[in-house]
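Worksheet for the structure shown next.
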Amino acid sequence: MKRYIITGAPGTGKTTLINALRISGFYCFEEVSRRIIISQQKTNGNKTPWQDVTGFTNLVYNKTLEELKISIDKEAFVDRSLVDNIAYLKLKQKTIDNKFLNFDYKKHYHTTIFFLPPWKDIYVEDPQRLQSFEETKKLHELLLEAYTQLGFSITILPKTTTLKRKEIISNFISTTLI
């Protein structure tokens with residue numbers, strides 16, 4: 001079974017939405033990149049989006065490959081996907097490794113993704129989210145570009161409550177399963 005991607009720039013409500021979906025009974029994978037950032041911070045490592053973005057995206061790639069080996073038998077969601085790495089590398093004007101460009105995304109992920117736009121009212125910097133709101137807007141555009149170029153269909157969720165966003169996703173899934 002394939003995973004649904006929930007993505008968007010930092011601070012758009014992805015993790016809150018993932019947690020709401022989990023509480024509703026969906027299988028959800030936590031954000032790999034945040035776990036790596038926390039791990040790097042604990043060990044004084046530099047493989048973060050703001051220090052060594054290439055090293056960071058390589059760690060995300062390897063950890064994501066491990067998670068994609070986990071068998072799922074019901075609808076599942078991921079907080080970001082490997083596609084996001086392309087946008088982060090472009091943002092920092094780094095070379096994009098072919099492993100990201102040639103990855104078989106459609107083998108692992110549904111082709112419709114749920115995209116959360118930048119939302120200044122809810123954006124908060126934290127120890128793992130050091131980007132300014134202006135930088136998140138640039139990343140937003142690069143994410144849209146990367147997913148579009150890879151042939152994904154993008155459903156942009158409105159700036160509304162987590163409950164309404166969850167309902168939109170649930171309704172989408174229930175109508176596609178018919």
Side-chain angles (χ1 to χ4, degrees), residues 1-23 26-92 94-116 118 123-131 135-136 139-140 142-147 150 152 154 157 162 165 169:
M1 189 161 264
K2 297 180 183 182
R3 292 150 168 85
Y4 283 99
I5 300 166
I6 295 178
T7 195
T12 55
K14 294 178 304 298
T15 302
T16 301
L17 179 56
I18 285 276
N19 290 336
L21 289 163
R22 181 181 293 112
I23 290 167
F26 290 103
Y27 192 83
C28 298
F29 291 86
E30 293 178 3
E31 184 182 3
V32 170
S33 47
R34 181 171 279 266
R35 286 182 290 168
I36 289 172
I37 292 168
I38 291 168
S39 173
Q40 288 293 301
Q41 289 173 330
K42 285 181 180 176
T43 61
N44 293 318
N46 70 342
K47 304 223 176 346
T48 62
W50 49 89
Q51 289 174 294
D52 176 4
V53 71
T54 302
F56 168 74
T57 57
N58 286 330
L59 288 175
V60 170
Y61 180 84
N62 292 330
K63 184 65 177 167
T64 301
L65 287 185
E66 288 175 28
E67 285 195 355
L68 288 173
K69 291 177 185 172
I70 298 170
S71 179
I72 53 172
D73 60 358
K74 65 178 187 174
E75 300 305 321
F77 295 89
V78 294
D79 190 337
R80 298 189 177 282
S81 80
L82 288 175
V83 177
D84 291 51
N85 292 287
I86 295 169
Y88 273 94
L89 289 164
K90 280 186 177 181
L91 182 69
K92 299 297 183 180
K94 300 292 182 184
T95 302
I96 300 163
D97 193 300
N98 282 334
K99 67 185 173 200
F100 294 112
L101 299 173
N102 299 325
F103 189 80
D104 189 0
Y105 293 101
K106 292 180 175 120
K107 175 181 175 185
H108 300 282
Y109 301 111
H110 286 278
T111 55
T112 296
I113 67 160
F114 300 100
F115 199 97
L116 283 68
Y123 181 78
V124 177
E125 286 184 35
D126 67 25
Q128 291 77 47
R129 186 185 302 128
L130 302 179
Q131 299 92 342
E135 191 173 26
T136 66
L139 187 58
H140 166 80
L142 293 169
L143 286 164
L144 282 172
E145 178 184 293
Y147 279 97
L150 290 169
F152 284 90
I154 300 169
L157 296 178
T162 302
R165 286 174 160 182
I169 290 172

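Side chains included, hydrogens not; waters and symmetry mates left out as well; all remaining heavy atoms used. None of the values given here were measured: they were computed from a predicted structure.
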Roughly how far apart are [X] [atom1] and [Y] [atom2], rounded to 0.5 Å?
{"X": "Tyr27", "Y": "Asp73", "atom1": "OH", "atom2": "CG", "answer": "9.5 Å"}
{"X": "Ile96", "Y": "Tyr88", "atom1": "CD1", "atom2": "OH", "answer": "14.0 Å"}
{"X": "His140", "Y": "Phe115", "atom1": "NE2", "atom2": "CZ", "answer": "5.0 Å"}
{"X": "Phe152", "Y": "Ser81", "atom1": "CZ", "atom2": "OG", "answer": "6.0 Å"}
{"X": "Asn62", "Y": "Thr57", "atom1": "CG", "atom2": "OG1", "answer": "10.0 Å"}
{"X": "Ile38", "Y": "Thr43", "atom1": "CD1", "atom2": "OG1", "answer": "12.0 Å"}

| field | Backbone of Gly8 reached by a side-chain donor or acceptor of Arg80 within 3.5 Å | value |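 Side chain of Arg80 to backbone of Gly8: a pair is present.
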
| task | List the steps, then state whether side-chain contact (heavy atoms from CB on, under 4.5 Å) holds for Leu59 with Gln40. | result | CA-CA 10 Å; Leu59 288 175; Gln40 288 293 301; 3.7 Å; yes

| query | Taking only residues two or more places apart in sequence or in another chain, which ones pass salt bridge (charged side-chain N to carboxylate O under 4.0 Å, His left out) with Lys63? | reply |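 With neighbours one apart ignored, the set is Glu66.
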
| query | Glu67: what forms a salt bridge (charged side-chain N to carboxylate O under 4.0 Å, His left out) with it, not counting sequence neighbours? | reply |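 Applying salt bridge (charged side-chain N to carboxylate O under 4.0 Å, His left out) to Glu67 gives Arg35.
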
Search all heavy atoms of [X] against all heavy atoms of [Y] and return the closest pair with its distance.
{"X": "Leu116", "Y": "Gly13", "result": "CD2-C, 3.6 Å"}
{"X": "Ala146", "Y": "Val83", "result": "CB-CG1, 3.8 Å"}
{"X": "Glu75", "Y": "Met1", "result": "N-SD, 3.7 Å"}
{"X": "Cys28", "Y": "Leu21", "result": "SG-CB, 3.9 Å"}

| query | Which is it for Phe103 and Thr64 under the side-chain contact (heavy atoms from CB on, under 4.5 Å) test, yes or no, and what are the steps along the way? | reply | CA-CA 12 Å; Phe103 189 80; Thr64 301; over 6 Å; no

| task | Could you go through the side-chain contact (heavy atoms from CB on, under 4.5 Å) check for Ile70 and Phe29 one step at a time? | result | CA-CA 10 Å; Ile70 298 170; Phe29 291 86; 3.9 Å; yes

Would you list the atom pairs, donor with acceptor, under 3.5 Å between side chains in residues 105-113 and any protein atom, with sequence neighbours excluded?
residue, atom, partner, partner atom, Å
Tyr105, OH, Phe100, O, 2.6
Lys106, NZ, Leu150, O, 3.0
His110, NE2, Lys2, O, 3.3

| field | Identified side chain to side chain donor-acceptor pair (under 3.5 Å) counterpart of Thr7 within the set Thr12, Asp84, Asp79 | value |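 Single pass found, and it is Asp84.
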
| said: Counting only heavy atoms not in Lys94 (residues, nucleotides, ligands), do more than 12 fall under 6.0 Å from its NZ? | reply: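 No, because the 6.0 Å sphere around NZ of Lys94 holds 12 heavy atoms or fewer from other groups.
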
| message | Show me the pairs that pass salt bridge (Lys or Arg N to Asp or Glu O under 4.0 Å) and involve residues 3-21, at least two apart or across chains. | response |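 Sorted result for residues 3-21: empty, none.
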
| said: Quick test of your reading: applying salt bridge (Lys or Arg N to Asp or Glu O under 4.0 Å), list the pairs with at least one residue in residues 46-62, sequence neighbours left out, ordered by first then second residue. | reply: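 Found Lys47-Asp52.
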
| task | Scan Ile18, Ile5, Leu17 and name whichever one has a side-chain contact (heavy atoms from CB on, under 4.5 Å) with Phe77. | result |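 So, applying the side-chain contact (heavy atoms from CB on, under 4.5 Å) to Phe77 and each of Ile18, Ile5, Leu17, only Ile18 qualifies.
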
| task | Taking side chain to side chain donor-acceptor pair (under 3.5 Å) as the test, write out the residues that go with Asp97, two or more places apart. | result |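 With sequence neighbours excluded, Asp97 shows a side chain to side chain donor-acceptor pair (under 3.5 Å) to no residue whatsoever.
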
| said: Show, in sequence, the C-alpha distance, side-chain angles and deciding distance for Leu82 and Lys99, and conclude whether the side-chain contact (heavy atoms from CB on, under 4.5 Å) test is met. | reply: CA-CA 10 Å; Leu82 288 175; Lys99 67 185 173 200; over 6 Å; no

